[in-house]
Amino acid sequence: MNKVVALTGNEAAAEAMRQINPDVVAAYPITPQTELMHKFSDFVADAVVKTEMILVESEHSAMSACIGACAAGARVMTATSANGLAFMWEVVYIAASLRLPIVMTVVNRALSGPINIHCDHSDTMGCRDSGWIQLYGENPQEAYDNIIQAIRIAEHPDVRLPVMPTFDGFIISHTLERLEILSDEEVGKFIGAWKPVHPLLDIAHPVTYGPLDLQDYYFEHKKGQAEAMKRAKGVVLAVGKEYGALSGREYGFFEEYKTRDAEQIILCLGSASGTVKSVVDGLREKGRRTGVLKLRMFRPFPAEEILSAIGHAKSIAVLDRAEGFSGLGGPLFPEVRSALYGRSDAKVINYVYGLGGRDLSPEMILSVFDDLEEGRITDREAVHLGVRI
Amino acid sequence: MAREPGYKELPIGGLILEAGNAIRYKTGGWRTYRPQVDKDTCIECLQCWLLCPDCCIYAENEKMEGYDYDHCKGCAICAKICPAKCIRMILETDPRGMADERGRYHSKSKNSSSVIDSKR
Ligand code: SF4
Ligand code: SF4
């Protein structure tokens, strides 16, 4: 049974963690994630969860402790943002390559410098190649739902990879919204009992984690990891469907909003999609065939499915909330364009927007749809939407 | 040599599920200098056995009985720690001299006059 509550994104994430009741959480505070862990620490202090909370001296230590605990045989979660994620960099890769099903919520925030505490996706886009599954949430509801599903996806025997559910800092993390939550029993039943695989604490079956892996084996281990990432696609869909049957909210790789007959489509991630949808509604009333594809899963990248969902459009704008410094725009753009390359006639252009928390206004989105319809923008260069010149 | 396993046959995450299999990984080839022990001056304190990071010192009946050259990496910790200064490090390319296959020799024995005199 769904219960209707009003929570911020951070509170919704903490609530999901309370219901999951992980064995170990190791974390370090960083804005805008701080409130999430603050709330979860209350649950630990009040003994409403049985979690062993490890307070560490840095994010590098947080992820290291998570890796140790997960290898030892615990169900492990953490959360971070921006520079915290950057600081744990090397161990973020190690968590994935050791195939540890850790779930780490990332509350998206711009990477320094200049120092900025507000939302963009430079933090999680920076570790897109680290081997973590990435799920972007639009609002507190999706933040909550994604975290619960992340446990199932990460721990699935075909996957065994860490998962990073994300949502936009401040815009979602600190905004109170209506959402529906499941009962503790339903969540407990949905995620199921934790079954450690090759735990270090099983001293009857000694196992070595992290041995030297040279020219003769490293490549095979990377191949295994890449294959698991591909298999994750099927698992994400199956878990999303099962979650839909339980909650009434089914999840896939993306949300198709009025895209079926759309000629102009915007593809974006996270909270921006809500604003784009409302602009699309307005344009539809005027008879303009516009739509939005809200990408939920960025890793693994659902290239084939994106092609079938939007390949029919005349023109597509990819909105990146991160600058890639390639001279060609943001990180989402080249992947979308590759997915369509040679198999769609759509013209695909790139907009970088919202860096450092800059608002994305409905007027800006309208200007993007106008650009698309009038064919004003070339596909050779990204537009920095809303930057002063 | 047997075919190495393919990626589907390996445990995930580079894990090693079999305890103690490092013995099959021969690291002796990494060595530049080889330790040798003079059994005539050794006082059997077994400090070398205690401190060798690769467990390459044979100790039998509380006596130091030479080296496991398949795994000794030539780090010279044993030579450094030996209070009797009876361990020396010789270049791997030096001939073995009168030392046996475990690197033991007897400086005071007549037959050992030809033992290598490398200083290291
Ligand atoms: S440390 Fe030197 S004296 Fe002691 S047992 Fe080893 S070789 Fe002999
Ligand atoms: S040289 Fe190093 S590895 Fe070899 S026996 Fe001595 S201490 Fe052990």
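Lettering of chains follows the sequences in order, A, B, ..., and the numbering in each one begins at 1. Keep in mind the model is a prediction, meaning the values are calculated, not measured.
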S.K.: Does atom CD (B:Glu9) have a neighbourhood of more than 12 heavy atoms from anything else shown, all under 6.0 Å?
M.R.: yes
S.K.: Would you indicate whether A:Trp194, at its atom CH2, is surrounded by more than 12 heavy atoms from other residues, nucleotides or ligands within a distance under 6.0 Å?
M.R.: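 More than 12 within 6.0 Å, yes.
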S.K.: For the CD1 atom of B:Ile12 and the CD atom of A:Gln225, what is their distance to the nearest 0.5 Å?
M.R.: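 Spacing of CD1 (B:Ile12) from CD (A:Gln225) equals 10.0 Å.
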S.K.: Shortest non-hydrogen contact from A:Leu98 to B:Leu15?
M.R.: O-CD1, 4.3 Å
S.K.: Supply the atom-to-atom distance A:His198 NE2 to B:Leu17 CG, rounded to the nearest 0.5 angstrom.
M.R.: 4.5 Å
S.K.: Please look at B:Pro11 and chain A and tell me whether the side chain, the backbone, both or neither of the residue comes under 4.5 angstrom of a heavy atom of that chain.
M.R.: backbone
S.K.: For the OG1 atom of A:Thr208 and the CG atom of B:Asn21, what is their distance to the nearest 0.5 Å?
M.R.: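 So the gap between those two atoms works out to 7.0 Å.
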S.K.: Sort by residue number and list every member of residues 211-223 of chain A having a non-hydrogen atom under 4.5 Å from chain B.
M.R.: A:Pro211, A:Leu214, A:Tyr217, A:Glu220, A:His221, A:Lys223
S.K.: Please check if the number of heavy atoms outside A:Glu52 that lie under 6.0 Å from its CD is greater than 12.
M.R.: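 Atom CD in A:Glu52 is not crowded, with 12 or fewer foreign heavy atoms closer than 6.0 Å.
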S.K.: Counting only heavy atoms not in A:Lys50, do more than 12 sit closer than 6.0 Å to its NZ atom?
M.R.: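 Enclosed.
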S.K.: With a sphere of 6.0 Å drawn around NZ of B:Lys85, does it hold more than 12 non-hydrogen atoms of other residues, nucleotides or ligands?
M.R.: yes
